[in-house]
Enquirer: 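Encoded as structure tokens, here's the structure I'll be asking about.
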Amino acid sequence: MGNDAKKIFKLGIIADNPIFRQVLGICSALAVTNLLVNTLFMCFGVIFTTTLTSLTVSLLRNYIPQRIRMIVQVLIIASYVMMVDIVIRATAPDIHRFIGPYVGLIITNCIIMGRAEAFASQNRPLPSLLDGIACGLGYSIVLVAIAVVREIMGFGTILGYPLPGVDIWWHQWTIMVMPPGAFFMLAIVTWIARSRDREEDAAS
Amino acid sequence: MNKKSAWYIIGFMVVACVVFGTGVSVVHNATLGLLEKNQRLHRNRVICRAFLIDVIDQSPESYDNAILKNIKIRTITEGNRARNVYEQIDADTPSIGFDFGGMGFWDRINGIVVLSPDLEKIINIQFFDHKETPGLGARIEEEWFTDQFKGLPIAWEKPVSDRIIFGHATGAGTVNRIDAITGATQTSMALRRFLNEELERIRNLKIDL
């Protein structure tokens with residue numbers, strides 16, 4: 001199981017990363033990455049939903065009628081997303097005011113349904129749970145990396161705290177907090193990841 | 001059990017809906033008190049900020065007390081619409097606040113505008129809720145932006161759309177203008193439009209102080 005778990009995490013975080021390999025969940029990756037704190041809450045929501053959805057779909061895989069499996073998956077995903085939405089609204093209302101619309105959109109995040117359909121519906125609960133966590137983490141790592149760069153370049157802050165002497169050495173690029181900034185960063189991250197993969201393929 | 005039979009499929013969906021619906025309901029009910037408390041605290045905080053009321057202790061109870069002690073709230077109806085009016089009590093020159101709102105860039109923006117008793121100038125503006133872009137349009141909430149409204153005269157003699165001007169203004173010494181938000185032109189324009197329209201409606205209310 002140890003090796004299997006390691007393999008699942010390696011696939012979810014690097015080799016099959018939802019963002020730069022599977023190109024899933026791009027909409028929210030573009031929308032919430034201009035401030036790191038918003039991104040962290042979004043990542044929490046996605047990890048929670050991918051993990052529990054994969055586990056639930058796997059537990060029910062032998063009982064879900066094949067013809068309506070996608071409807072059932074949507075029902076499961078929507079329930080968990082509503083729970084996340086309610087919890088964030090109750091515990092962090094100020095952040096919910098900003099990311100609320102995007103939290104609701106986790107329901108349509110392709111990563112969750114993609115993993116439920118491709119992995120959880122065909123595997124046992126524990127590997128499915130780990131796959132959900134791994135994919136959520138793979139999504140989150142890329143989002144956090146993009147958010148750190150966008151917030152620093154766009155606002156000169158990190159988690160809302162100004163960087164030391166930022167006005168002296170940096171003039172904020174407004175475009176980095178606007179949608180084009182997200183496209184630039186996503187393209188750069190994908191470029192780096194794909195170049196690295198190609199080098200590794202060539203070496204092997 | 002035949003998983004392809006219609007009865008199995010219907011039964012499965014009914015059970016799944018009941019189970020997951022119950023789960024969501026449980027979480028919702030468990031946090032209901034917290035949600036109401038948060039909403040009330042947020043509303044009170046916005047009203048206190050709008051009327052420049054200092055609340056040293058940031059607890060919900062302190063905000064409740066501050067509102068009770070300083071503000072009288074009543075609701076008036078204009079056609080189908082209800083609008084809250086906030087009157088400052090026990091002040092030398094009691095300011096008067098009004099709910100105001102309109103369509104922003106993405107969705108409706110709601111706030112409170114506090115005016116001098118003669119309605120000649122804005123004392124302050126604060127926002128209850130909006131869905132503008134984080135980092136751009138959402139900056140309407142930031143202090144540097146709302147501070148510009150403090151003491152801003154309303155040019156009642158001008159056409160409705162020019163009583164408060166955002167951004168560039170022609171003519172030297174224009175006193176009824178503020179800076180718009182860079183990168184959030186649509187939000188700024190929308191706010192200017194509906195703020196001016198709401199000021200006109202507020203003036204027509206002819207509130208007795």
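To find a chain, count down the sequence lines: A is the first, B the second, and so on, and within it residues start at 1.
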Enquirer: Please check if atom OH in B:Tyr8 has more than 12 non-hydrogen atoms from other residues, nucleotides or ligands closer than 6.0 Å.
Expert: yes

Enquirer: May I ask you to name which of A:Asn62, A:Thr56, A:Val87, A:Ile175 has the most heavy-atom pairs under 4.5 Å with chain B?
Expert: A:Asn62

Enquirer: Please tabulate, for side-chain N and O atoms in residues 44-55 of chain B, each donor-acceptor pair with protein atoms closer than 3.5 Å (sequence neighbours left out).
Expert:
{"residue": "B:Asn44", "atom": "ND2", "partner": "B:Asp64", "partner atom": "OD1", "Å": "2.7"}
{"residue": "B:Arg45", "atom": "NH2", "partner": "A:Asp94", "partner atom": "OD1", "Å": "3.4"}
{"residue": "B:Arg49", "atom": "NE", "partner": "B:Gln126", "partner atom": "OE1", "Å": "2.9"}

Enquirer: With a 6.0 Å cut-off (strictly less than), is the heavy-atom count around CD1 of B:Ile56, excluding the residue itself, greater than 12?
Expert: no

Enquirer: Given heavy-atom pairs under 4.5 angstrom as the criterion, report whether the side chain, backbone, both or neither of B:Phe20 touches chain A.
Expert: both

Enquirer: Count the heavy atoms belonging to other residues, nucleotides or ligands that lie under 6.0 Å from CH2 of B:Trp7, then report whether that count exceeds 12.
Expert: no

Enquirer: Using a 4.5 angstrom heavy-atom cutoff, name the option from A:Gly154, A:Ala90, A:Pro93 with the most pairs to chain B.
Expert: A:Ala90

Enquirer: Please report the shortest heavy-atom distance between B:Ile9 and A:Pro65, naming the atom on each side.
Expert: CG1-CB, 3.8 Å

Enquirer: For B:Lys72, look at atom NZ and say whether over 12 heavy atoms of other residues, nucleotides or ligands are found less than 6.0 Å away.
Expert: no

Enquirer: Can you establish whether the number of heavy atoms outside A:Trp191 located under 6.0 Å from its atom CH2 is more than 12?
Expert: no

Enquirer: Counting only heavy atoms not in B:Gln58 (residues, nucleotides, ligands), do more than 12 fall under 6.0 Å from its CD?
Expert: yes

Enquirer: Taking 4.5 Å as the heavy-atom cut-off, does anything in residues 134-142 of chain A contact chain B, and if so which residues?
Expert: none

Enquirer: Quick one: which residues of residues 43-53 of chain A reach chain B at under 4.5 angstrom, heavy atoms only?
Expert: none

Enquirer: Are there residues of residues 34-43 of chain B whose heavy atoms fall under 4.5 Å of chain A's heavy atoms? If so, which?
Expert: B:Leu34, B:Leu35, B:Asn38, B:His42

Enquirer: Side chains of A:Thr174 and B:Leu136: closer than 4.5 Å at any heavy-atom pair?
Expert: yes

Enquirer: When rounded to the nearest 0.5 angstrom, what distance separates OG1 in B:Thr31 from CD1 in A:Ile88?
Expert: 12.0 Å

Enquirer: Counting heavy-atom pairs under 4.5 Å to chain B, which of A:Met82, A:Gln66, A:Glu151, A:Arg67 comes out on top?
Expert: A:Arg67

Enquirer: Could you tell me which portion of A:Tyr80 (side chain, backbone, both or neither) has an atom closer than 4.5 angstrom to a non-hydrogen atom of chain B?
Expert: side chain

Enquirer: Please report the shortest heavy-atom distance between B:Val24 and A:Ser79, naming the atom on each side.
Expert: CG2-O, 3.6 Å

